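What follows is a set of notes on a single structure, which appears directly below.
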There are 4 protein chains.
Amino acid sequence: MVSNPGVKGERAAPQRARKDEDKEARRRLLLDEALALYAATSYAEVKMADVAERAGLAKGTVFLYFPTKEALFLALLEDLLFSWFARLDARLCQSDAPWTGPWLARSVAQSLEAETSLTRLLAMLQTVLEQNVSVEQARRFKERLLQAMLHIGALLEARLDFLKPGEGPRVLVHLHALVTGLRQMADVAPVAREVLASPHMAPLRIDFTAELTAALTTLLRGLESR
Amino acid sequence: MVSNPGVKGERAAPQRARKDEDKEARRRLLLDEALALYAATSYAEVKMADVAERAGLAKGTVFLYFPTKEALFLALLEDLLFSWFARLDARLCQSDAPWTGPWLARSVAQSLEAETSLTRLLAMLQTVLEQNVSVEQARRFKERLLQAMLHIGALLEARLDFLKPGEGPRVLVHLHALVTGLRQMADVAPVAREVLASPHMAPLRIDFTAELTAALTTLLRGLESR
Amino acid sequence: MVSNPGVKGERAAPQRARKDEDKEARRRLLLDEALALYAATSYAEVKMADVAERAGLAKGTVFLYFPTKEALFLALLEDLLFSWFARLDARLCQSDAPWTGPWLARSVAQSLEAETSLTRLLAMLQTVLEQNVSVEQARRFKERLLQAMLHIGALLEARLDFLKPGEGPRVLVHLHALVTGLRQMADVAPVAREVLASPHMAPLRIDFTAELTAALTTLLRGLESR
Amino acid sequence: MVSNPGVKGERAAPQRARKDEDKEARRRLLLDEALALYAATSYAEVKMADVAERAGLAKGTVFLYFPTKEALFLALLEDLLFSWFARLDARLCQSDAPWTGPWLARSVAQSLEAETSLTRLLAMLQTVLEQNVSVEQARRFKERLLQAMLHIGALLEARLDFLKPGEGPRVLVHLHALVTGLRQMADVAPVAREVLASPHMAPLRIDFTAELTAALTTLLRGLESR
DNA sequence: TATGAATGAGTGTTCATTCAT
DNA sequence: GATGAATGAACACTCATTCAT
């Protein structure tokens with residue numbers, strides 16, 4: 001853990017990030033630590049002080065990189081979301097065969113299976129994250145989101161011939177809604193878990209991936225069948 | 001402190017709710033005031049003290065009726081949700097004609113149009129409300145939810161002949177997800193509103209009712225077209 | 001638990017205490033339940049509501065018998081203290097043989113061994129109990145205490161020939177101090193218990209009865225040796 | 001908020017305690033203010049907010065120095081107790097003449113005469129202070145207490161030739177008990193004060209120093225006379 | 001850039017006690 | 001006498017954020 005031999009501090013990070021690459025590295029470090037904490041607990045339970053400590057930095061330093069807690073987590077969401085978009089893009093474009101709805105639905109749902117943090121954060125986007133963030137950051141996020149949606153939307157329209165112009169992005173909007181909605185339904189509180197354990201409660205137990213696949217498949221079939 | 005009824009008292013309710021009906025009335029009063037505050041602001045901004053004050057009661061009195069803030073709001077959600085279920089049920093059953101997917105989608109979406117508080121609360125169900133609530137209350141809620149889902153689900157299966165056995169409740173699960181997801185997407189933070197005002201941001205501006213109608217219609221068509 | 005067959009209530013107590021003996025019985029019942037709760041927990045943890053419930057009475061009823069929580073517990077202390085005085089008196093007077101200091105010390109300490117509640121309450125007498133009590137109750141308590149002290153004090157002076165006039169009560173004052181002081185030292189908080197578990201901490205671990213016996217024996221020998 | 005030193009600031013301490021000595025000074029300041037409030041009222045009446053205000057600090061700042069109210073007061077007790085121990089030690093060692101019981105008793109009792117806060121806090125040690133304190137703080141306190149007891153105990157054994165090995169600390173335990181017990185008996189509640197004003201109540205009126213001297217003298221004589 | 005001491009707004013909940021019935 | 005609904009004062013502690021150094 002000690003990377004500065006001879007120095008008293010136990011800090012892993014460099015003392016001062018002068019170069020842009022150092023700053024970027026430190027930024028990533030903070031995001032990584034925030035993610036680790038968030039994945040293990042919840043937004044409310046993640047303290048800025050803990051993020052700082054885990055990153056080997058002082059509390060105040062975090063605020064040099066992210067002006068608010070919401071800004072930090074919006075940046076984290078941005079990272080996760082657009083990296084997922086990129087991976088989805090790559091995954092989809094690998095396939096030369098013509099796309100089918102069920103295949104697409106499965107692909108999307110599977111690509112989200114391990115992205116619990118992403119989908120959890122997505123569900124807090126408007127309610128929490130965008131509540132205490134600069135217009136600039138919000139704009140940047142929305143612009144990138146728009147761009148990605150238009151890009152993937154165009155891709156969908158190109159490869160799913162039953163999609164009419166403009167329907168690609170719309171599918172993504174509905175996907176977004178399904179993802180955040182199902183994520184919340186699937187993340188059950190301890191009390192509820194106990195209640196849902198009864199066999200007859202089965203209809204209320206939500207399997208995120210299964211339901212997302214099913215709903216998305218049906219949705220696409222609905223578009224195809226017109 | 002008000003001993004001269006009619007002089008300063010603004011409440012019709014008796015000073016002390018001794019009979020069960022009085023207690024029920026007071027309970028409703030508290031729920032109503034909580035709803036009014038919530039509709040105007042947000043969960044976090046509603047203070048138990050304000051609810052009490054608006055109801056003309058002392059702070060401690062609220063806790064005679066609801067053991068925690070979460071319990072109060074879960075009870076509120078319960079009220080709104082099951083009264084909506086009942087209204088939807090009535091609305092649907094009025095129609096003698098055979099149901100169609102688009103008609104159903106429109107009916108459901110329209111019936112939810114004015115239910116902003118309901119859908120906002122629904123989105124907090126697992127994340128917030130069920131976090132600090134007795135197992136009993138949670139169980140009661142889930143049981144009623146299950147019952148309603150099975151009931152409406154059966155209705156769907158009976159009137160939409162393309163639905164296979166067991167698909168009624170599943171449609172409702174997907175509806176639930178869409179509702180909470182779209183609600184969150186539609187409730188835009190002030191900063192975001194500013195950003196979304198740009199014309200080119202149109203694809204990111206969500207009209208709750210329109211999108212819910214569209215998505216649900218498509219979903220049902222997808223089921224019909226098999 | 002139901003002693004009034006046919007009545008809906010589960011109350012063990014009579015509906016109304018009209019006769020003085022009924023009232024006295026109810027009073028004792030309340031004291032007994034308060035004692036049971038106190039012995040198992042602590043003063044702060046005993047709720048008036050719990051006392052009422054255990055006694056099968058309504059919350060408000062307790063206050064018909066004891067105007068304040070402190071009054072209830074002072075009454076309880078009174079009961080325990082003077083019943084102990086009586087028992088001590090009896091025990092001491094049984095012995096025909098001339099008294100000795102060590103024998104007396106042992107007798108007293110042993111008679112207090114099982115009286116944890118009494119000694120715990122005694123330690124709260126001035127700090128807590130007498131803080132919220134009527135002058136009448138306080139006077140009554142002090143008068144009885146004085147009387148008992150004078151009585152037992154006189155007994156001591158009569159049977160321990162080394163005691164000079166007026167020293168009997170004084171011995172009792174010192175006894176009182178030792179009892180409350182040692183009781184507090186012996187009642188160790190959980191954190192402290194952990195700390196005191198270390199072998200080298202032995203000198204700080206207090207055995208109430210042993211220390212009381214030792215101190216009292218020494219004290220009496222000190223008086224005898226003049 | 002005070003940025004013009006000398007204008008409104010009543011404090012000599014720097015705005016920010018950066019050096020260890022500044023921090024220690026601030027810590028002492030808080031302890032002093034807490035002591036002032038406690039001496040004038042009671043533990044329950046001292047509010048952390050008041051301590052902060054008197055120290056010219058924000059509420060939260062107090063918790064940077066003491067994690068809980070109990071921790072603050074245990075630290076205060078620690079200060080008072082060990083400073084008293086030191087003063088007692090000095091006082092006792094000044095005397096070259098061989099010690100006698102009566103002299104020692106008088107010395108101890110007199111040295112405690114002005115230490116009302118110390119003895120009052122001592123009586124709350126196990127009941128209150130150690131209830132909400134870290135194991136570390138508790139251990140530290142007990143270790144110091146043990147050390148002091150062994151030290152003073154050894155001193156006693158060395159200078160009072162009638163003490164057998166191991167009896168020094170035990171005398172201190174009995175002293176501790178007498179001190180806390182007598183302190184509680186001497187601190188009379190307002191109601192009780194009224195009652196005790198009657199001439200015939202004289203035997204119940206406790207003079208802390210007088211009784212402590214008497215009891216301790218007798219106790220030591222008891223040890224001497226074997 | 002980095003630090004970390006200081007800030008201070010923010011609140012749900014308990015429970016002894018009262019009093020209308 | 002009994003009830004139990006209503007009262008309302010009371011309060012330590014957290015943590016995102018700032019800013020002097």
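Residue numbering restarts at 1 for every chain, and letters A, B, ... go by the order of the sequence lines. On a predicted model such as this, the values are computed, not experimentally measured, just so you know.
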Other residues, nucleotides and ligands only: do more than 12 of their heavy atoms fall within 6.0 Å of CD on C:E24? yes
I need the CG-P distance between D:L30 and E:dT7, as an integer number of Å. 10 Å
Just to be sure I understand the rule, does D:F66 reach a base, reach only the sugar-phosphate, or reach nothing, if contact means heavy atoms closer than 4.0 Å? nothing
List the protein contact pattern of nucleotides 15-21 of chain F with one symbol per nucleotide (5' to 3'): B for base contact, S for sugar-phosphate-only contact, - for none; contact means a heavy-atom distance under 4.0 Å. SSBBBB-
Side chains of residues 34-44 of chain B: which donor-acceptor pairs under 3.5 Å do they make with residues two or more places apart or in other chains?
unit_1 : atom_1 : unit_2 : atom_2 : d
B:T41  : OG1    : B:L37  : O      : 2.9
B:S42  : OG     : B:E45  : N      : 3.4
B:S42  : OG     : B:E45  : OE1    : 2.9

Base-paired stretches in DNA chain E with three or more consecutive Watson-Crick or G-U pairs, both distances under 3.5 Å, amount to E:2-21 with F:2-21
Between P on E:dT11 and CG on B:L72, what's the gap in Å once rounded to a whole number? 15 Å
Can you measure B:K19 atom NZ to F:dG4 atom P for me and round it to whole angstrom units? 16 Å
What is the distance from CG of D:L37 to P of F:dA12, rounded to the nearest Å? 12 Å
Output the rounded distance in Å from CZ (D:R26) to P (E:dG4). 17 Å
Rounded interatomic separation in angstrom, taking CD from D:E45 and C1' from F:dC11: 14 Å
Taking atom C1' of E:dT11 as reference, at what distance in whole Å does atom CD of B:E53 sit? 15 Å
Counting just side-chain N and O atoms, does B:Y65 come under 4.0 Å of either OP1 or OP2 of F:dA6? yes
